[in-house]
Q: 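I have a structure I would like to understand better, so I am pasting it below and will then ask my questions one at a time.
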There are 2 protein chains.
Amino acid sequence: MKSTIPDTGVPIAPPAGNGGDRQEASLHDEILLRLRDYVVEGNIPNGARVPERQLCEMLGISRTPLREALKVLAAEGLIELLPNRGARVRQLSQRDLEELFDVMAGLESLAGRLACEAITDEEITAIEQLHYEMYGHYLHRDMHGYFQVNQRIHESIVAAARNETLKTAYGNFAGRIRRVRYSANFARKRQRWAEAMREHEAILDALRRRAGSELSDIMFQHLRNKRTAAIEHLTEPQGDATASP
Amino acid sequence: MKSTIPDTGVPIAPPAGNGGDRQEASLHDEILLRLRDYVVEGNIPNGARVPERQLCEMLGISRTPLREALKVLAAEGLIELLPNRGARVRQLSQRDLEELFDVMAGLESLAGRLACEAITDEEITAIEQLHYEMYGHYLHRDMHGYFQVNQRIHESIVAAARNETLKTAYGNFAGRIRRVRYSANFARKRQRWAEAMREHEAILDALRRRAGSELSDIMFQHLRNKRTAAIEHLTEPQGDATASP
DNA sequence: TTAGACTATTTTGCATTCATTTTTTGTCAT
DNA sequence: ATGACAAAAAATGAATGCAAAATAGTCTAA
């Protein structure tokens with residue numbers, strides 16, 4: 001349909017040294033960040049209404065900038081805006097989660113591939129450090145510490161990909177998933193946990209060899225397995241207390 | 001009541017690429033769609049200011065809903081909002097383009113992998129049809145037709161991935177790139193063109209065999225090569241009629 | 001003539017206001 | 001007591017108003 005785009009004749013060559021203007025610190029962005037964190041951190045129950053008035057008071061602003069922020073959050077997929085019925089925290093169906101995990105898998109897969117092109121020995125060493133640290137948590141059954149370091153490892157790989165666009169998108173999708181507490185009974189699934197450790201070793205190995213294509217595969221599978229474990233947890237969530245509002 | 005929007009001549013796009021699954025028809029969403037298309041179609045020169053007032057008149061609305069839409073477009077990366085200095089169509093540096101292409105490569109790579117898990121024989125047949133159609137365009141040196149069909153092939157693969165989240169993200173990034181005219185002298189690079197055809201054959205082959213991991217690799221490489229060709233074009237734009245049609 | 005400074009106009013950011021729509025509340029009849 | 005209906009209250013979507021900032025424009029001085 002829109003393939004017939006009238007050519008405007010605007011020259012394509014970029015004005016070379018466009019050393020991007022870095023302005024920031026607008027009040028509106030401040031609101032956006034705070035609100036996004038507020039939602040991602042899970043301060044609002046799943047599917048609950050997000051009353052504008054209340055948030056306005058909480059943030060000490062009028063409705064206009066708040067509503068702008070809400071539109072953005074809706075575009076990001078964190079909340080949904082029902083016409084005339086206000087904003088609700090987006091309720092993720094199981095299918096939504098599966099899709100999100102798969103997209104994350106794709107992004108991490110890409111990150112691994114790109115990382116192999118540009119990662120330095122020092123960065124690999126740093127990741128190895130994290131890996132051993134994580135192994136320690138694993139041995140001590142310290143799930144919280146484990147997940148924390150695990151996340152840092154994945155973020156390090158994304159960072160090594162040298163792609164800000166990817167990094168941003170990754171952060172966005174990660175935020176969407178973060179609302180969901182799925183790590184809870186990971187501790188009980190010792191088998192999956194051990195498997196994850198082995199996968200991480202394979203990741204490190206491929207990273208050391210800069211085997212991009214291979215790492216890409218491994219990362220995808222790793223995330224796929226994570227997805228399976230997470231969904232399993234959700235479908236049989238018998239008794240444990242991480243569903244913290 | 002300002003509910004009647006004067007038609008400005010800007011075509012209201014159908015629920016385009018947006019992974020539409022929700023009920024909407026809010027006036028604001030309408031504005032968002034129109035404005036997004038307006039920008040993606042390249043109606044505003046690169047880096048040019050986008051005066052609110054003017055757009056308001058063009059769309060026949062007040063500034064409030066327009067500004068909301070602008071915030072969203074900024075979040076999508078199509079425009080940038082300079083504090084107190086209004087909105088500009090985002091100027092993509094060469095690095096930005098490289099990053100975007102790589103992210104697209106990652107998404108298509110993922111799409112290929114997922115497609116292999118779920119694609120039906122009928123869908124493959126349809127893609128084969130498109131492939132032959134595209135081959136015809138190739139033989140006739142019909143670049144426009146070629147690109148059109150090429151895009152439909154890629155979209156078909158994304159659709160076959162059965163992942164609305166991926167589809168939406170894909171559409172988003174595709175929109176960002178679409179502003180850039182890079183296809184122009186592709187016709188002259190006969191070598192690259194032929195190469196692209198071969199890659200597409202490899203894609204089809206892997207798809208038929210449902211070789212997900214393999215297809216993932218091929219798709220990434222295919223997009224990587226596309227990126228190289230595109231960037232090459234941008235860096236050496238020595239006089240050719242990119243603005244001809 | 002040009003550079004600089006000062007003023008006027010425009011533009012932006014946010015608050016406030018207004019008209020609907022939705023939701024709640026209150027009353028009444030069955 | 002329960003359900004239905006109506007009115008009140010609240011919330012939402014959009015327009016307008018206003019102060020601050022930026023841009024354009026003009027005038028002066030070197």
Q: Starting at atom CD of A:Q54, determine the distance to atom C1' of D:dA11, rounded to an integer number of angstrom.
A: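 Distance, rounded to whole Å: 13 Å.
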
Q: Closer than 4.0 angstrom, basic N to acidic O: yes or no for B:K226 and B:E108?
A: no

Q: Any Lys/Arg nitrogen of A:R224 or A:D102 sitting under 4.0 Å from an Asp/Glu carboxylate oxygen of the other?
A: yes

Q: Measure the distance from CG on A:L55 to C1' on C:dA15 and round it to the nearest whole Å.
A: 17 Å

Q: Please identify which of these residues, A:R176, A:R36, A:R90, meets the salt bridge (charged side-chain N to carboxylate O under 4.0 Å, His left out) condition with A:E76.
A: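 When salt bridge (charged side-chain N to carboxylate O under 4.0 Å, His left out) is applied between A:E76 and each of A:R176, A:R36, A:R90, only A:R36 qualifies.
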
Q: I want to verify a distance call: between D:dT12, C:dT11, C:dC14, whose nearest atom is closest to the B:R49 side chain?
A: C:dT11

Q: What is the distance from CG of B:L82 to C1' of C:dT11, rounded to the nearest Å?
A: 13 Å

Q: Nearest whole angstrom, please: distance from the C1' of D:dT23 to the CZ of B:R53.
A: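 Distance check: B:R53 CZ to D:dT23 C1' gives 15 Å.
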
Q: With nearest nucleotides of DNA chain C determined for A:G60 and B:E52 from heavy-atom distances, which residue corresponds to the more 5′ nucleotide?
A: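 Checking each residue's closest nucleotide, the 5'-ward one belongs to B:E52.
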
Q: Of the nucleotides D:dT12, D:dA15, C:dA15, which has the atom closest to the A:S62 side chain?
A: C:dA15

Q: Is there a side-chain contact between A:M143 and A:F147 in this structure, where contact means two heavy atoms from C-beta onward sitting under 4.5 Å apart?
A: yes

Q: Are A:T64 and C:dC14 close enough that a side-chain N or O sits under 4.0 Å from OP1 or OP2?
A: no

Q: When you measure from the side chain of A:I61, which nucleotide among C:dG13, C:dA15, D:dA15 comes out closest?
A: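 My answer, after comparing the listed nucleotides, is C:dA15.
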
Q: Side chain of A:R67: nearest nucleotide among C:dT12, D:dG13, D:dT12?
A: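 Closest of the options to the side chain of A:R67: D:dG13.
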
Q: Check B:E98 with B:R95, please: is the shortest side-chain N to carboxylate O separation under 4.0 Å?
A: yes

Q: Rounding to a whole Å, what distance do you find between A:D29:CG and C:dC14:P?
A: 9 Å

Q: Let me know the distance between CD of B:E30 and P of D:dA14, rounded to the nearest Å.
A: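 Answer to the nearest Å: 11 Å.
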
Q: Quick check: on DNA chain D, is the nucleotide nearest B:N84 upstream (toward 5') of the one nearest B:R63, or the reverse? Name the residue that is more 5'.
A: B:R63

Q: Send over the distance from A:L32 CG to C:dC14 P, rounded to a whole Å.
A: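 Checked: the CG to P distance equals 12 Å.
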
Q: Give A:R85 one of three labels, base, sugar-phosphate or nothing, depending on what nucleic acid heavy atoms sit under 4.0 Å from its own.
A: sugar-phosphate

Q: Could you tell me the separation between the CG atom of B:L66 and the P atom of C:dT11, rounded to a whole number of Å?
A: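 Nearest whole value for this atom pair: 14 Å.
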
